[in-house]
*Asks:* 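Below: one structure in structure tokens.
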Protein chains: 2
Amino acid sequence: MERSSPFLLLATIFSALYCHASSIEHGGLPLPIHPIRPKSGSGGKLLEGISCNSWRLAVETNNLRNWKTVPAECGDYVGHYLLGQYYRQDSSYVTLEAAKYGESINRTGDGKDIWVFDIDETTLSNAPYYAAHGFGVQPYNETSFNAWVDTGKAPALPESLVLYNRLLSLGFKVVFLTGRGEMRREVTRKNLRAAGYRNWEKLLLRQPSDVHKPAVVFKSEQRAKLVKQGYRIQGNIGDQWSDILGTDIGSRTFKLPDPVYYVS
Amino acid sequence: MERSSPFLLLATIFSALYCHASSIEHGGLPLPIHPIRPKSGSGGKLLEGISCNSWRLAVETNNLRNWKTVPAECGDYVGHYLLGQYYRQDSSYVTLEAAKYGESINRTGDGKDIWVFDIDETTLSNAPYYAAHGFGVQPYNETSFNAWVDTGKAPALPESLVLYNRLLSLGFKVVFLTGRGEMRREVTRKNLRAAGYRNWEKLLLRQPSDVHKPAVVFKSEQRAKLVKQGYRIQGNIGDQWSDILGTDIGSRTFKLPDPVYYVS
């Protein structure tokens, strides 16, 4: 029962949000019970102070780097965002654009046109974990996060699953490239399959020699190997800038939202 | 009188927004009379439809590229954003972070530590023009935009002026690098001075041979020349991704918001 408590909490939060919201319609969309509002400490001057909207935009545009935790004032804001409609809409806009791009390019049919997907907060969602651990306000706890990963119960990010299926149907091969360690290959494989991802060309995880490399270095090295093997990286999607910066980034990159954590 | 009409319109819009808003306080900040609301056509599926919030995030994160005009449904939204508090807050967050970064790095004092500023929508604001021309919903009109530029009356983006002054006081030299043509050097010089920018190391404009180059190519070439001349590009700030992608981008880049137009 201990282990299921994050799920119970999440179910409670979801039902509180959606059961109430579904009775209130606005422009065809359910309204969350708590609209996301900026919490602001200052206006337009160079003063300290937090506007959570501006903080999130700065995060998503890579203006803010190497941050360790979500500002405490923005915990509720991030929670409402992550569990509400805006995260889904923002993700949908990105994956729609990615699908359009995939449709627009010539595929050769030789099996070498690939699309690189990051895993956490891209292919799979750890929202259930973060809902139970302060939405990024608490410092990263490797032990408890890994315990969650090892349950293998992360749901798909629904928009990414739609994109994944569309790309497969267009003839792309998918490569999963993740900062997770090799020791988590089996649980990751099972989790991907359980979440609806059943075909991939490669599942690339960190080897022991990669452990101390920044993600941007590790992922650039792995993409270089793919290119050397004759693959054409037509698309590359991730929630972190370290997924889509560096070298051999692919013909086009897509940045999914992630206001919960930063990986360099 | 014809030429001053954009200013009159802008003054009217500003006073309508702020005079009314100043009587309503919320959390210490004035509320705009029309809060920015997402206008949405679809939920989380791969369907056509516009959420203006999601559209703007996709633009600012470089997920959406080569777009020609703001979607018609988002014209009002962009207008309220650009003339309201959120554009200022978002800009402030970026320039605050840039100033912090500037303070954190060692300056050698040899006059070679430079900061590259783009001009339009970075150093100067064309909000008065766009307020009179549909906030990006209307297709770009080179003739009328250039007529506005030639008035030399663009105000400073206030947050950038604060950053500029802070960087000068820290010992950086500033280089302005703009897609404007050489024929506009004099009006640009006067406009910069009138807006409060009085010192610069270089003002780099497009030469006739640069006219057909994409901005990202032209700007990369100019930065390469700066590096060759021994300058160290410590910072680079612009409102377009083409200002801060390419080569010799600088030790760190900063992306200011611009939901009005896209330059490749």
Side-chain angles (χ1 to χ4, degrees), chain A residues 26-30 35-51 53-65 67 85-101 157-159 162-163 165-166 237 241 244-245 252-257, chain B residues 26-30 35-65 67 85-101 158-159 162-163 165-166 237 241 244-245 252-257:
Chain A
H26 176 78
L29 277 174
I36 298 175
R37 291 197 166 278
K39 294 191 183 180
S40 304
S42 77
K45 301 280 172 191
L46 285 185
L47 297 171
E48 287 294 338
I50 298 291
S51 150
N53 266 337
S54 295
W55 174 83
R56 182 165 66 87
L57 184 65
V59 163
E60 296 299 350
T61 49
N62 207 22
N63 282 314
L64 203 59
R65 303 182 187 179
W67 52 278
Q85 61 175 321
Y86 297 114
Y87 177 48
R88 304 290 304 276
Q89 282 182 8
D90 290 347
S91 299
S92 172
Y93 212 102
V94 179
T95 54
L96 173 62
E97 194 63 21
K100 276 187 198 167
Y101 169 74
L157 186 71
E159 288 69 34
V162 173
L163 172 64
N165 283 321
R166 181 76 185 122
I237 188 164
W241 282 95
I244 56 175
L245 292 177
R252 191 157 159 190
T253 60
F254 295 90
K255 167 74 177 74
L256 284 166
Chain B
H26 176 80
L29 276 172
I36 299 174
R37 291 197 164 278
K39 294 189 182 180
S40 303
S42 78
K45 302 279 172 193
L46 284 185
L47 298 171
E48 287 294 338
I50 299 289
S51 152
C52 297
N53 266 336
S54 295
W55 174 83
R56 182 165 67 87
L57 185 65
V59 162
E60 295 300 350
T61 50
N62 206 23
N63 283 313
L64 203 59
R65 302 181 187 180
W67 50 279
Q85 61 174 319
Y86 297 115
Y87 178 46
R88 303 290 305 277
Q89 281 183 7
D90 290 347
S91 299
S92 171
Y93 212 101
V94 179
T95 54
L96 173 62
E97 194 64 21
K100 276 187 198 166
Y101 169 73
E159 288 69 32
V162 173
L163 173 64
N165 283 322
R166 182 75 186 123
I237 187 164
W241 282 96
I244 56 175
L245 292 176
R252 190 156 161 193
T253 61
F254 296 90
K255 167 73 178 74
L256 284 165

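Being a predicted model, the structure only gives us computed values, none of them experimental. All chains are named by letter (A, B, ...) in the order of the sequence lines, taking the proteins before the strands, and each is independently numbered beginning at 1.
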*Asks:* If you tally heavy-atom pairs under 4.5 Å against chain B, which of Thr61(A), Asp90(A), Thr253(A) wins?
*Replies:*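 The candidate making the most pairs under 4.5 Å is Asp90(A).
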*Asks:* Using the side-chain contact (heavy atoms from CB on, under 4.5 Å) criterion, which residues pair with Val94(A)? Sequence neighbours excluded.
*Replies:*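 side-chain contact (heavy atoms from CB on, under 4.5 Å) check on Val94(A) returns Ile237(A), Phe254(A), Leu256(A), Asn63(B).
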*Asks:* Using side-chain heavy atoms (C-beta onward) and a distance below 4.5 Å, is Glu60(B) in contact with Leu57(A)?
*Replies:*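 With C-beta onward as the side chain, the pair touches.
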*Asks:* Once you round to the nearest 0.5 Å, how far does OH of Tyr93(B) lie from CG of Asn53(A)?
*Replies:*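 That separation rounds to 11.5 Å.
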*Asks:* Out of curiosity, Arg65(B) CZ to Tyr101(A) OH, how far, rounded to the nearest 0.5 Å?
*Replies:*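 One gets 8.5 Å once the value is rounded to the nearest 0.5 Å.
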*Asks:* If you round to the nearest 0.5 Å, how far is OG of Ser54(B) from CD of Gln85(A)?
*Replies:*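 Rounded to the nearest 0.5 Å, the CD-OG separation comes out at 9.0 Å.
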*Asks:* Under the side-chain hydrogen bond (donor to acceptor under 3.5 Å, both in side chains) rule, collect the residues that match up with Ser91(A), sequence neighbours excluded.
*Replies:*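 side-chain hydrogen bond (donor to acceptor under 3.5 Å, both in side chains) check on Ser91(A) returns nothing, list empty.
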